[in-house]
Colleague: 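Got a structure for you, written out below as structure tokens; questions coming shortly.
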Amino acid sequence: MAIDREQLSQPALAVAPLLLGAEIVSEAHGEPVLVRLTEVEAYEGSLDPASHAFRGQTARNAVMFGPAGHLYCYFVYGMHWCANVTCQREGAAAGVLMRAAQILLGQDAVAARRTARLKPHLLASGPARLAAALGLDGARNGLDLLDPASPVRLRALGSGVGFQTGPRVGVAAAQDLAWRFWLPDEPSVSVYRAGGARSRRRARHT
DNA sequence: TTGTCGATTGAG
DNA sequence: TCAATCGACAAT
């Protein structure tokens, strides 16, 4: 059964639980890779200082201002790609960062593409590792995850229940918000690291 | 035009 | 604990 875009056209806080346990298929590398999301984070647009869309629309974040159910890929730290599922209606920006997943299909191919040797449950643990596993980068930015013809598709949503929440990883702004969602007892869930490490390191010396 | 810093990862 | 590495954006 097809996924209704309406379900994704809500605030990120409402969409995030639905994406936990959701299945994503990618044929970006040729051979299909299928994953089940185990960890996500909500990013609201205008109200969220940690969101790329907080200061309004730019060339980079334009996809987040479009319709829900599209892929927002961004480049970070000069070397990694991360990917969001856009939500909210057209004109309102919000997204859910995909942080970790369990690989259901194509695990050997994913492992073979990596230079670092990782244990299987770590192959898609962390947003950049997950993006790499699915072959998501700037070339995939803006893809419609609900289009059957798309090489990257959202195949099923999660149940929306049975998750845990906590502060977002690596985010300096709005640390009081419990906008990270994960499935308990999933080994692929990434380790928590508080945000703003760099600026706080400088502050300690001054 | 320049300088700062990031929704991270992997090695030491 | 820290370096890698570069694009976006705010400040000049």
Side-chain angles (χ1 to χ4, degrees), chain A residues 11-13 15-17 19-20 24 35 37-65 70-88 93-101 103 110-142 163 165-182 187-206:
Chain A
L13 276 176
V15 174
L19 289 176
L20 276 182
I24 307 260
V35 305
L37 297 180
T38 58
E39 180 189 358
V40 300
E41 280 175 359
Y43 286 87
E44 297 293 353
S46 50
L47 301 173
D48 181 4
S51 171
H52 289 171
F54 183 56
R55 289 170 180 84
Q57 182 168 347
T58 64
R60 176 174 69 153
N61 65 25
V63 176
M64 275 208 286
F65 287 82
H70 288 245
L71 199 61
Y72 166 50
C73 299
Y74 68 93
F75 188 60
V76 74
Y77 290 114
M79 61 196 87
H80 300 302
W81 288 94
C82 298
N84 290 247
V85 177
T86 64
C87 37
Q88 289 277 35
V96 174
L97 173 69
M98 300 186 282
R99 284 199 58 90
I103 302 179
V110 170
R113 270 178 230 117
R114 298 213 61 104
T115 56
R117 225 177 67 214
L118 292 170
K119 296 186 173 178
H121 70 277
L122 296 178
L123 281 170
S125 175
R129 286 182 188 155
L130 173 54
L134 294 174
L136 308 181
D137 56 21
R140 315 291 169 185
N141 187 43
F163 55 86
T165 66
R168 294 175 290 190
V169 175
V171 171
Q175 296 204 14
D176 52 314
L177 302 175
W179 283 6
R180 176 189 185 215
F181 300 72
W182 68 90
S188 58
V189 171
S190 66
V191 292
Y192 178 73
R193 292 163 100 141
R198 195 189 212 149
S199 44
R200 262 184 289 108
R201 196 159 57 239
R202 281 157 51 101
R204 216 182 301 145
H205 276 286
T206 29

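Letters A, B, ... are given to chains in the order of the sequence lines, protein chains preceding strands, and every chain is numbered from 1.
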Colleague: If only atom types and distance count, is the side chain of A:His70 paired as donor or acceptor with the main-chain N or O of A:Gly142 below 3.5 Å?
Modeller: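 Yes.
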
Colleague: How would you label the contact of A:Ala50 with the nucleic acid (heavy atoms, under 4.0 Å): base, sugar-phosphate, or nothing?
Modeller: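 It contacts base atoms.
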
Colleague: How many angstroms lie between CZ in A:Phe181 and CD in A:Glu41, if you round to the nearest 0.5 Å?
Modeller: 9.5 Å

Colleague: Give A:Arg168 one of three labels, base, sugar-phosphate or nothing, depending on what nucleic acid heavy atoms sit under 4.0 Å from its own.
Modeller: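 Result for A:Arg168 = nothing.
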
Colleague: Can you check the distance between B:dC5 and C:dC2, where both ends of the measurement are the C1' atom (answer in whole Å)?
Modeller: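 Rounded to whole Å, the distance is 16 Å.
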
Colleague: May I ask you to decide if the ring planes of A:Trp81 and A:Phe75 are parallel, tilted or perpendicular, using 30° and 60° as cut-offs?
Modeller: tilted

Colleague: Check whether any side-chain heavy atom of A:Arg55 lies under 4.5 Å from a side-chain heavy atom of A:Asn61, and answer yes or no.
Modeller: no

Colleague: I'd like to know if A:Tyr74 reaches the base of C:dA8 with its side chain, counting only an N/O donor and acceptor under 3.5 Å.
Modeller: no

Colleague: Using only side-chain N and O atoms of A:Arg180, determine if any of them is under 4.0 Å from OP1 or OP2 of B:dA7.
Modeller: no

Colleague: Using atom CZ of A:Arg117 as one end and atom C1' of B:dT9 as the other, report the distance to the nearest whole Å.
Modeller: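 Roughly 17 Å, once rounded to whole Å.
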
Colleague: From OH of A:Tyr192 over to P of B:dA7, roughly how many Å is that when rounded to an integer?
Modeller: 14 Å

Colleague: So, does A:Arg193 get its side chain near the phosphate of B:dA7, meaning an N or O under 4.0 Å from OP1 or OP2?
Modeller: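 Result: no.
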
Colleague: Return the value, rounded to whole Å, for the distance between atom CE of A:Met64 and atom C1' of C:dA8.
Modeller: 13 Å

Colleague: Look up atom CG in A:Leu20 and atom OG1 in A:Thr38, then write down how far apart they are to the nearest 0.5 Å.
Modeller: 8.0 Å

Colleague: Would you kindly give the CG-to-C1' distance between A:Leu118 and B:dT9, to the nearest whole Å?
Modeller: 10 Å

Colleague: Nearest to the side chain of A:Ala116 - C:dT5, B:dA11, B:dT8?
Modeller: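 Ranking C:dT5, B:dA11, B:dT8 by closest atom to the A:Ala116 side chain puts B:dA11 first.
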
Colleague: Assign A:Arg114 to base, sugar-phosphate, or nothing according to its heavy-atom contacts below 4.0 angstrom with the strands shown.
Modeller: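 If one applies the 4.0 Å heavy-atom cut-off, A:Arg114 turns out to touch the sugar-phosphate alone, with no base involved.
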
Colleague: Is A:Thr58 near enough to C:dC9 that one of its side-chain N or O atoms lies under 4.0 angstrom from OP1 or OP2?
Modeller: yes

Colleague: Which whole-number value in Å describes the distance from A:His80 NE2 to B:dA7 C1'?
Modeller: 12 Å

Colleague: Nearest to the side chain of A:Leu97 - B:dT8, C:dA4, B:dA7?
Modeller: B:dA7

Colleague: Does the structure show a Watson-Crick or G-U wobble partner for C:dA3, both distances under 3.5 Å? Name it, or say none.
Modeller: B:dT9

Colleague: To the nearest Å, give me how far apart CD (A:Glu39) and P (B:dA7) are.
Modeller: 16 Å

Colleague: Rounded to whole angstrom units, what separation is found between the CG atom of A:Leu123 and the P atom of B:dT8?
Modeller: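 Value for this atom pair: 19 Å.
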
Colleague: For A:Glu39, does its backbone N or O pair with a side-chain atom of A:Arg180 as donor and acceptor, under 3.5 Å?
Modeller: no

Colleague: Distance check needed: C:dA4 P versus A:Phe75 CZ, whole Å only.
Modeller: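 Going from CZ in A:Phe75 over to P in C:dA4 covers 15 Å.
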
Colleague: Any side-chain N or O of A:His52 less than 4.0 Å from the OP1 or OP2 oxygen of B:dA7?
Modeller: yes

Colleague: Please confirm whether the shortest side-chain N or O distance from A:Arg55 to OP1 or OP2 of C:dA10 is below 4.0 Å.
Modeller: yes

